[in-house]
Amino acid sequence: MRSNQISTKYNPLKVEKKWYNYWMRKKFFKSVPDARQPYSVVIPPPNVTGVLHMGHILNNTIQDILVRRSRMLGKNVCLVPGTDHASIATEAKIIAKLSKEGICKNDLTREQFLEYAWNWTRKYKKIILEQLKKIGISCDWDRTCFTMDKQRSKSVIKVFIHLYKKKMIYRSFRMINWDPVAKTAISNEEVIYKEQSGKLYYIKYKIVGENNYATIATTRPETIFGDTAVCINPNDKKNEYLKGKKVVVPFVNREIPVIEDDYVESEFGTGCLKITPAHDINDYILSKKYGLGILNIFNDDATLNKYGLQYEGKDRFFVRTEIEKDLNALGLIKEVKVYKNKIGFSERTNVPIEPRLSVQWFLAMKKLAKPALEAVMTDKIQFHPSRFKNIYRHWMENIKDWNISRQLWWGHRIPAYFLPEGDFVVAETQKKALVLARKKTGNSGLQLSDLQQDESSLDTWFSSWLWPIVVFNGINKPNNKEINYYYPTSDLVTAPDIIFFWVARMIISGYELRQKPCFHNVYFTGIVRDKLGNKMSKSLGNSPEPLDLINHYGADSVRLGLMLSSSIGNDIFFNEICCEQGRNFNNKMWNVFRLLKGWQVADTEQPESSTISILWFRTQLSLTIRRMNYSFSKYRISEALMNIYKLFKDDFSSWYLEIIKPKYGQSMDRKTYEVTLDFFDSLLRLFHPFIPFITEELWQFLKIRKENESIMFSTIPKVNFSENWLITEKMEEAKEIISNIRAVRLKKNISNKEKIVLQIIGSYKLDYASVIINMANLSDIEMVEKRPNGAVFFLVKTTEYAVAIRRNIYTKEDLDKLKNTLQYYRDFLSHIQVKLNNKNFVSKAPVKIIEFEKKKKIDAESRIKSLEKIITSLNNG
RNA sequence: GGGCAUUUAGCUCAGUUGGUUCAGAGUAUCUGCCUUACAAGCAGAGGGUCGACGGUUCGAAUCCGCCAAUGCCCACCA
């Protein structure tokens, strides 16, 4: 193959498609338990709400890097893909879609709605899985799961029953967060608090039997219909006049008592608080404490019910503005202040949540949390970066019972069956429920039709929290070979915003259901943001379509670009330029391949410069492998990538290849050629986890490969213990000389093509002359007694040398520069001298450091001497 | 109100055990090159009181304290 017949531009699309198909066809991602060490990862199942965004690309790239590397380290890798039904989020999407078609959820039966939901799910599941494949992710696709497929659903119900039997799941009448748009309860974690600018209304309640008023301060005047008391602090002097009195609620004219409790802060507002037990958690607590009545004034869509009198059927916010007017008309508003407070919004529908009393299902968390907390605090499960431990601990130590029921249709229906008398039984199926019910009631005449299944569904996280177990069918068959082999899984890669929703609960379920951690490491990615720092999301429309990026740059380029700009735990500010950088790099790799393939090989002698650079590069390679191993052990993936990236671009391409490259028309010696191919092979293998496609392509064509061979199953190169530091040091010196000579060429307008002579004053032995001659395009290096005519001098370490050419290129500017350099070294020397004269330094610093300072001193002295000599010489010339 | 994190070149960020890769990378900028692998490239250059102040230390970008700005998490002040 002649190199010039291959395109100079790498075309990723064809290549990526070809190799992904090849890997799939050969079932290279497949994993079955065997004698090797397992390395299992479950991907965070994307929601079937829509297509993937940049966060998914980042997340899945990281996972794929980790698993591909582990595969190449000889482990039995199993990466399990799947999707999440995302109960509330998907249901909201479907309702939105239906409403566009003029269909209202209430017009449909549960079954009809679910049919829509399944169609939706099928559609997006397919798109999502295809997108994942485009990224190059090496999942065992035969294992693809869905949180609501048969096996998973069965597992979820089993777990529910298990926890119910242990009395950890219970049904209770409580104040919960109510989403009035989705018309469902949601958990505390689904409430997002945002600061809002609102008003604080000072409303006068007439004191019974007096011509005086109590003034209460509230942000929610529309709730006065639900007031059952007014509360003051018992030590509040200014409100003492209210003690033991009764006041009248405006409009309703209900008489309510004034009670006293420490909870009220005298300094806030008027120090007088209205108690609305049905719509505020604190008021509810007080009402229970003092035996006050509870009045629910809202319908489930947050319009007022009949207790709202003339406002019945009106929305809460509309009523708020109306009631302000109406109270004003009655002269009952003392004042209205602008007030900022935090209001809870529903994560999904983004409407203010309404605290509401309701019967829901809860999971008791305190006991469950204990082993899960301990596991993370003792690093049995390691968080990367570790600072997330604190966040986790705080949540776990203050954990509240989890409201797991939702008034939604799309999800796992709660397996509770109500009997005609209101009692209920919990069972896996309706048939089993009937058996239980007959037994419980003693009524053998009960029929299936007498049982009414709970209408609610389970929180979507109640299925995803079982993910690492259920993907291996560990609930239905707790002792199957797969779960015993793959569980605990190795790493979890996820975004920190679902640490409570998902990560913490998975750890909890892992200990409860399998008495083991569900994974060993958790890697928290950053959040992908746009240039302005906004989180990239579909709704904001600031996220590029990942497929467009992949089609434009290639998956390897997108992967590379993302990883180069994302350090662990930090948010990444995505800029498409990074994909360009990735593409450019891949193109470089492609061209290295073209170069290698274009060489003519002959049995000639190896040039000295090649011998040297091979030894040098071998050390650099080994050093890089060590650094990468270290970085990976700390999960610093970008750092690992940066190491190999620089090695490839700088050391390998710019130096090594340029040194060994034969001149035009000449052949390369076989020995160097073989070694170079091996180097390239190693580089490809080190790169493979990051950029799987191009590395496979080049690796396959670098040498003749066997049938069924793939770089996927080659090994990560090992550290070479014959690292040679002396060569590295000398090579660095040679590189510096070469760079200096190049700089002189540029400055003095000497063409790179023109061969020049390097002259060295004195008897200094220059190492690696052959490399310098080659790379700086010298015709010769000469040793001279004194300054050659018109040459410019530079210093490298203790060497003094000159670039001498036929023209006079010396100027006053050059001399000034040398003088400045001299001054720099004189200052430097005196600085070291002060340090060495410091008794404290000499007595306290380690010997090694003192020796180093002395060495620096000698070096500086030598440079000063040389510079003085050269400057004198120049002045005389 | 409590907690966590961030602040280093115009921009985006590395910098592990205090000294020996210590002030670094990518990108942008400027200069010169269409050099037989690559212009999606090569070579070279400029650019930073390491947020402020104080402390510990022989020695601080690094450790401690305090302050400032920014971001995130948690929390029932109506």
Side-chain angles (χ1 to χ4, degrees), chain A residues 3-4 6 8-10 175 193 200-201 216-220 223 231 263-265 267-276 280-285 339 341-342 355 385 387-391 394-395 398 496-497 499-500 527 531 533 553 557 564-567 569-575 577-578 580-599 630-631 634 636 638-639 642 645-646 653-654 657-658 661 663-665 732 738-740 742-747 749 751-753 777 835 838-846 848-850 852-853 855-856:
Chain A
S3 68
N4 53 16
I6 314 174
T8 61
K9 300 271 186 289
Y10 172 59
M175 188 152 283
Y193 287 91
L200 188 60
Y201 303 83
I216 58 94
T218 179
T219 54
R220 303 198 61 190
T223 61
C231 189
Y263 165 74
V264 178
E265 286 189 28
E267 302 314 311
F268 187 92
T270 56
C272 186
L273 171 71
K274 75 185 199 65
I275 305 293
T276 321
D280 184 282
I281 179 69
N282 295 304
D283 292 7
Y284 179 65
I285 292 166
Y339 182 68
N341 65 341
K342 289 211 168 177
R387 73 185 135 88
F388 287 106
K389 276 165 80 171
N390 287 327
I391 295 175
H394 186 259
W395 190 75
N398 297 288
D497 51 354
I499 184 168
F500 308 135
I527 291 167
K531 279 174 252 178
Y553 296 100
S557 304
L564 281 171
S565 48
S566 85
S567 54
N570 285 352
D571 288 355
I572 90 165
F573 292 85
F574 182 78
N575 191 329
I577 288 173
C578 73
E580 214 165 291
Q581 193 192 342
R583 180 194 62 180
N584 295 354
F585 179 80
N586 288 327
N587 194 52
K588 176 127 200 132
M589 190 172 253
W590 171 255
N591 277 291
V592 167
F593 176 74
R594 287 181 61 230
L595 175 69
L596 263 52
K597 279 301 187 184
W599 280 332
Y630 179 76
S631 298
K634 302 273 177 202
R636 294 202 287 247
S638 295
E639 186 182 87
M642 210 47 183
Y645 181 87
K646 279 197 220 167
S653 302
S654 300
L657 289 178
E658 292 295 338
K661 189 161 84 177
K663 293 283 166 295
Y664 183 60
E732 284 309 311
I738 292 161
S739 290
N740 278 334
R742 285 170 174 171
V744 172
R745 279 184 185 273
L746 187 66
K747 204 172 167 199
N749 271 320
S751 160
N752 289 326
K753 289 174 180 169
N777 197 20
K835 221 172 175 183
N838 183 339
K839 275 180 196 159
N840 282 328
F841 175 72
V842 178
S843 61
K844 286 182 183 172
K848 213 173 126 191
I849 299 300
I850 296 170
F852 182 68
E853 290 297 325
K855 202 178 143 205
K856 280 201 290 196

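Letters go in sequence order (proteins before strands), and every chain restarts at 1. Keep in mind the model is a prediction, meaning the values are calculated, not measured. The figures that follow rest on heavy atoms only: side chains count, while hydrogens, waters and symmetry mates do not.
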Taking Watson-Crick and G-U wobble contacts under 3.5 angstrom, with | marking pairs to another strand and [ ] crossing pairs, the secondary structure of RNA chain B is written (((((((..((((.....[....)))).(((((.......))))).....(.(((..]....))).))))))))....

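Checked against salt bridge (charged side-chain N to carboxylate O under 4.0 Å, His left out), A:K588 has no partners two or more places apart in sequence or in another chain. For A:S557, the side-chain contact (heavy atoms from CB on, under 4.5 Å) test picks out A:Y553, A:R583, A:N586, with sequence neighbours left out. Take A:Y201 and apply the ring pair (Phe, Tyr, Trp, His ring centres under 6.0 Å) test, not counting sequence neighbours, and it matches no residue. Every side-chain contact (heavy atoms from CB on, under 4.5 Å) that A:F500 has, sequence neighbours left out, goes to A:E189, A:I391, A:W395. Under the rule for a side-chain hydrogen bond (donor to acceptor under 3.5 Å, both in side chains), A:K646 has no partner lying at least two apart in sequence or in another chain. For A:K855, there are no side-chain contact (heavy atoms from CB on, under 4.5 Å) partners, not counting sequence neighbours. Residues meeting the side-chain contact (heavy atoms from CB on, under 4.5 Å) test with A:I527, sequence neighbours left out: A:R529, A:K535, A:D571.
A:E658 places its CD atom 10 Å from the C1' atom of B:C38, with the value rounded to the nearest Å.
Cation-pi geometry between A:K342 and A:Y193 is not met: the NZ or CZ atom fails to fall both under 6.0 Å from the ring centre and inside 45° of the normal.
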With B for base contact, S for sugar-phosphate-only contact and - for none (protein heavy atoms under 4.0 Å), nucleotides 19-27 of chain B reads BBB---SS-

Would you give a per-nucleotide map of nucleotides 71-78 of chain B, 5' to 3', where B means the base has a protein non-hydrogen atom under 4.0 Å away, S means only the sugar-phosphate does, and - means neither?
-> --SSBBBB

Provide a list of protein-nucleic acid N or O atom pairs under 3.5 angstrom, restricted to nucleotides 43-45 of chain B.
unit_1, atom_1, unit_2, atom_2, d
B:A43, OP1, A:S654, OG, 3.3
B:A43, O3', A:R742, NH1, 3.3
B:G44, OP1, A:S739, OG, 2.8

Can you check nucleotides 60-65 of chain B for protein contacts, nitrogen or oxygen pairs under 3.5 Å, and list what you find?
none

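Within the nucleic acid shown, A:N587 comes within 4.0 Å of at least one base atom, counting heavy atoms only.
A:N398 places a side-chain N or O within donor-acceptor distance of the main-chain N or O of A:H394, the cut-off being under 3.5 Å. A donor-acceptor contact shorter than 3.5 Å is absent between the side chain of A:N591 and the backbone of A:R594.
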Take A:N752 and A:R742, measure what side chain to side chain contact (heavy atoms under 4.5 Å, CB included) needs, and give me the verdict at the end.
-> CA-CA 8 Å; A:N752 289 326; A:R742 285 170 174 171; 5.6 Å; no

Any chance you could lay out the side chain to side chain contact (heavy atoms under 4.5 Å, CB included) test for A:L564 and A:C578, step after step, and finish with the verdict?
-> CA-CA 8 Å; A:L564 281 171; A:C578 73; over 6 Å; no

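Separation of atoms CD1 (A:I850) and NZ (A:K835) is listed at 10.5 Å; rounding is to 0.5 Å.
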